[in-house]
Amino acid sequence: MKTEQGTASMPKPHGSKNKATFARVFALALSMMLVFSGLIACSPSSNGGNGGNSGSNEAASEQSYTPGTYTGTGTGNGGDITVEVTFSEDAITDIKVVSQSETETVAAEALETIPASIIEYQSLGVDTMSGATMSSLGLVAAITDCVEQAGGNVSQLKKVPAQEKSTETVEKEADAIVVGGGGAGMAAAIRLQELGKNVILVEKTYRLGGSISVSGGNQVVTGSKLQAEAGVTDDSAESMVEDFQKNGEDICVPELIELYANNVGETTDWIHEYAGVEYNMEGGLHDLAEYSHDRELAYAGGGAGATKSLRQAVKDSGADVLLDTTAESLIEENGKVVGVNAVGKDGTTYVLKADSVVLATGGYGNSDEYLTEELQNSLYYGLMGSTGDGLTMATAEGIDADTRLMEYAKLYPNGAEVSPGRAKSTIDGNLLVWPMSTILVNAEGERVVNEKASNHEILEVELEQTDSMLYLLMDQENFDVWSTKLKDTGFNTQAVEGYLEANGSTTPIFAHGDTIEELAGVLGMDPATLQATVDAYNAGVDAGTDEFGRTGEYLQMKIGEGPYYLVEQKPRYATTMGGLVVNDSLQVMNKSGEPIEGLYASGEVVGGVMGSNSPSGANNGWALTSGKLAAEAIAEN
């Protein structure tokens with residue numbers, strides 16, 4: 001489906017809002033709620049202290065506490081965060097995180113660094129860590145309540161600066177500056193250093209990783225040694241281009257999709273052999289409707305596993321990495337980009353000079369400035385830091401970069417709305433149960449699509465249904481398998497138990513019933529219609545043929561014994577498809593169609609490579625491939 005602007009028309013989900021405003025208001029509201037409401041609980045458990053830095057701030061030195069160790073629980077992004085905080089008579093002496101369900105690649109450093117800062121400065125005035133905002137808020141809220149229980153003055157401690165702001169200006173020079181430490185930025189930095197170029201890598205969050213770290217962990221590997229090893233030797237760049245154009249509604253930029261298809265194989269082998277990224281060869285290539293050949297592999301350990309290897313490769317490369325540092329503007333001299341102005345979280349100003357700059361800043365999924373109204377009102381599941389920074393810098397007056405296809409985003413049909421306007425993905429579990437007997441039904445209890453069709457095809461059908469929603473219909477055996485993957489995509493076990501207890505009365509809908517009739521009644525479906533849908537599917541298994549074209553290994557198992565489940569499936573997006581115009585050397589082009597000297601781009605900030613819609617595994621592959629190619633173009637020039 002398209003609107004007049006050429007993008008999928010999306011309904012407004014329940015409670016959705018302007019995301020930039022929502023992020024600010026929700027963070028503030030949650031922080032206050034956690035501190036002042038019953039969402040956190042804290043109680044003294046034992047006396048004693050382990051020693052520590054009492055701090056030198058005047059407000060901190062005026063504190064007095066009832067000595068002991070207190071236990072507090074706050075709500076993070078993945079669920080509860082439980083801490084034990086120990087106090088002496090006048091200081092916070094120890095903070096231990098005793099349990100949490102946060103995503104390791106996102107929150108691990110926040111859970112370590114924030115307690116250390118609170119102890120060092122005897123302050124609750126710590127900043128949230130960009131990239132782990134909700135984890136930070138939940139952690140600080142739990143510690144804050146423990147301060148209250150120990151008799152401390154919370155208001156006073158919040159006024160104590162956790163770190164004095166620097167007024168220093170630092171000037172640095174390098175051969176190249178890479179802005180953004182996701183897959184594209186890490187690949188560019190690793191390759192530039194390998195080619196003998198000195199690199200400064202600037203990342204605005206506290207850790208390298210970006211979208212690849214929280215992705216499903218799959219990658220296109222066309223033409224690689226690994227694809228051949230996995231049994232496919234007849235794939236080609238031409239076939240990949242054809243598949244991508246079909247999936248992207250024939251608006252993929254030809255020179256970019258061809259560049260991608262002709263180089264992703266070599267990049268995969270380089271990432272594997274040089275950067276140490278391992279692939280799940282035991283799991284093998286994935287059978288996907290989007291592709292005429294099997295060309296997707298998973299990373300060993302998922303996106304987190306790939307990120308761990310890439311971070312180590314950046315460290316080993318010797319690149320100068322500036323974390324918690326935000327690039328604010330490009331430095332231009334006589335029509336050439338010669339550097340970046342940036343500011344550190346501690347207030348340090350950086351003036352960075354180089355012959356070349358690579359923008360690898362990701363997309364704009366969390367920036368209303370660049371989103372269409374339809375996307376502003378869609379479920380978002382990407383990084384909070386995807387705010388279009390590279391676009392803002394490159395399109396500024398004096399740089400004048402051009403953009404294209406800004407109205408498009410990659411929409412998936414398999415999201416669950418876990419908070420207003422925010423989604424989590426069920427895709428990993430879905431892949432496990434399609435070979436079993438899980439089917440998709442609409443609000444009327446009717447089956448309307450082949451579950452093994454492409455995500456794009458399922459999405460188009462989904463958008464035509466009541467409330468633009470489908471449901472996974474699973475028996476107990478399927479649900480038990482499907483639910484094993486929920487934690488991998490960010491669902492908290494305790495939260496899922498709450499969804500099941502609500503039994504369809506709140507979003508996300510996780511409805512259940514002992515019989516098909518009971519299940520239908522939970523959501524107001526016609527029981528006879530839902531039962532007829534189940535009977536028709538099971539009859540297709542017996543006949544070996546299916547009215548929707550589900551075949552082979554995906555039509556072997558009947559829907560069996562209950563209890564039965566209906567789980568919501570709503571459109572969601574994270575990846576934006578538009579971005580900067582670049583040539584086949586990844587040089588950014590200005591509005592006059594000329595390359596901007598010294599300025600390159602890679603990854604999601606580049607517009608048009610996959611047209612209107614990226615197929616599975618494509619974005620990680622493009623990030624790594626374009627990062628490597630930008631580095632090689634710089635070295636060659």
Side-chain angles (χ1 to χ4, degrees), residues 3 7-34 39 75-79 102-103 106 128 130-138 211 214-215 362-388 406-427 459 462-463 465-471 486 489-492 495-496 498-499 502 504-510 567-578 604:
T3 66
T7 185
S9 177
M10 295 294 301
K12 295 185 179 182
H14 173 69
S16 63
K17 299 180 180 181
N18 173 297
K19 273 179 289 300
T21 302
F22 170 78
R24 292 190 294 269
V25 173
F26 183 67
L28 176 61
L30 179 63
S31 181
M32 295 176 67
M33 282 168 50
L34 290 173
L39 288 177
T75 303
N77 187 59
E102 305 304 281
T103 304
V106 174
T128 60
S130 180
T133 303
M134 303 311 297
S135 301
S136 302
L137 287 170
S211 294
V214 294
S215 72
Y364 50 93
N366 199 40
S367 172
D368 289 347
E369 179 182 357
Y370 298 112
L371 293 174
T372 62
E373 182 178 354
E374 288 86 358
L375 289 173
Q376 288 181 35
N377 292 306
S378 303
L379 295 181
Y380 180 63
Y381 72 102
L383 299 175
M384 299 300 286
S386 294
T387 50
M406 295 292 290
E407 67 269 33
Y408 291 101
K410 166 60 183 178
L411 295 168
Y412 285 92
N414 36 42
E417 188 174 6
V418 295
S419 62
R422 297 284 300 184
K424 290 187 185 296
S425 166
T426 68
I427 192 169
L459 175 70
E462 184 175 69
L463 290 170
Q465 307 308 309
T466 302
D467 296 327
S468 294
M469 182 157 64
L470 292 170
Y471 298 91
L486 288 175
T489 49
F491 285 88
N492 172 257
V496 172
Y499 305 153
S505 63
T506 62
T507 188
I509 292 171
F510 277 58
V567 177
E568 72 173 44
Q569 299 282 275
K570 295 179 178 177
R572 62 180 173 89
Y573 83 98
T575 305
T576 43
M577 306 307 299
E604 192 179 345

Open item on the list: List the residues meeting salt bridge (Lys or Arg N to Asp or Glu O under 4.0 Å) with Glu568, not counting sequence neighbours, and say none if there are none.
Closed with: Lys570
Is any side-chain heavy atom of [X] closer than 4.5 Å to a side-chain heavy atom of [Y]?
X	Y	value
Val418	Phe491	yes
Val567	Pro508	no
Phe510	Val496	yes
Ser211	Thr575	no
Lys410	Tyr573	no

Nearest 0.5 angstrom please: [X] [atom1] to [Y] [atom2], how far?
X	Y	atom1	atom2	answer
Tyr499	Thr507	OH	OG1	8.5 Å
Lys424	Asn414	NZ	CG	14.5 Å
Met469	Glu417	CE	CD	9.5 Å
Leu470	Asp467	CG	CG	11.0 Å

- [ ] Scan side-chain atoms only and decide if Tyr412 and Arg572 contain a donor-acceptor pair under the 3.5 Å cut-off.
- [x]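 No, Arg572 and Tyr412 have no side-chain donor paired with an acceptor closer than 3.5 Å.
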For [X] and [Y], which heavy atoms make the closest approach, and how far apart are they?
X	Y	result
Leu371	Ser367	CG-O, 3.3 Å
Ser505	Ala502	OG-O, 2.8 Å
Ser468	Pro571	O-CD, 3.3 Å

TODO: Going by the side chain to side chain contact (heavy atoms under 4.5 Å, CB included) test, name the single residue among Leu375, Thr387, Thr576 that passes it with Tyr364.
DONE: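 Among Leu375, Thr387, Thr576, the one meeting side chain to side chain contact (heavy atoms under 4.5 Å, CB included) with Tyr364 is Thr576.
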Open item on the list: The criterion is side-chain contact (heavy atoms from CB on, under 4.5 Å); which residues satisfy it with Ser386, sequence neighbours excluded?
Closed with: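 Ser386 satisfies side-chain contact (heavy atoms from CB on, under 4.5 Å) with Tyr380, Leu383 only.
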Task: Residues forming a side chain to side chain donor-acceptor pair (under 3.5 Å) with Thr426, sequence neighbours excluded - done: Asn430, Gln569
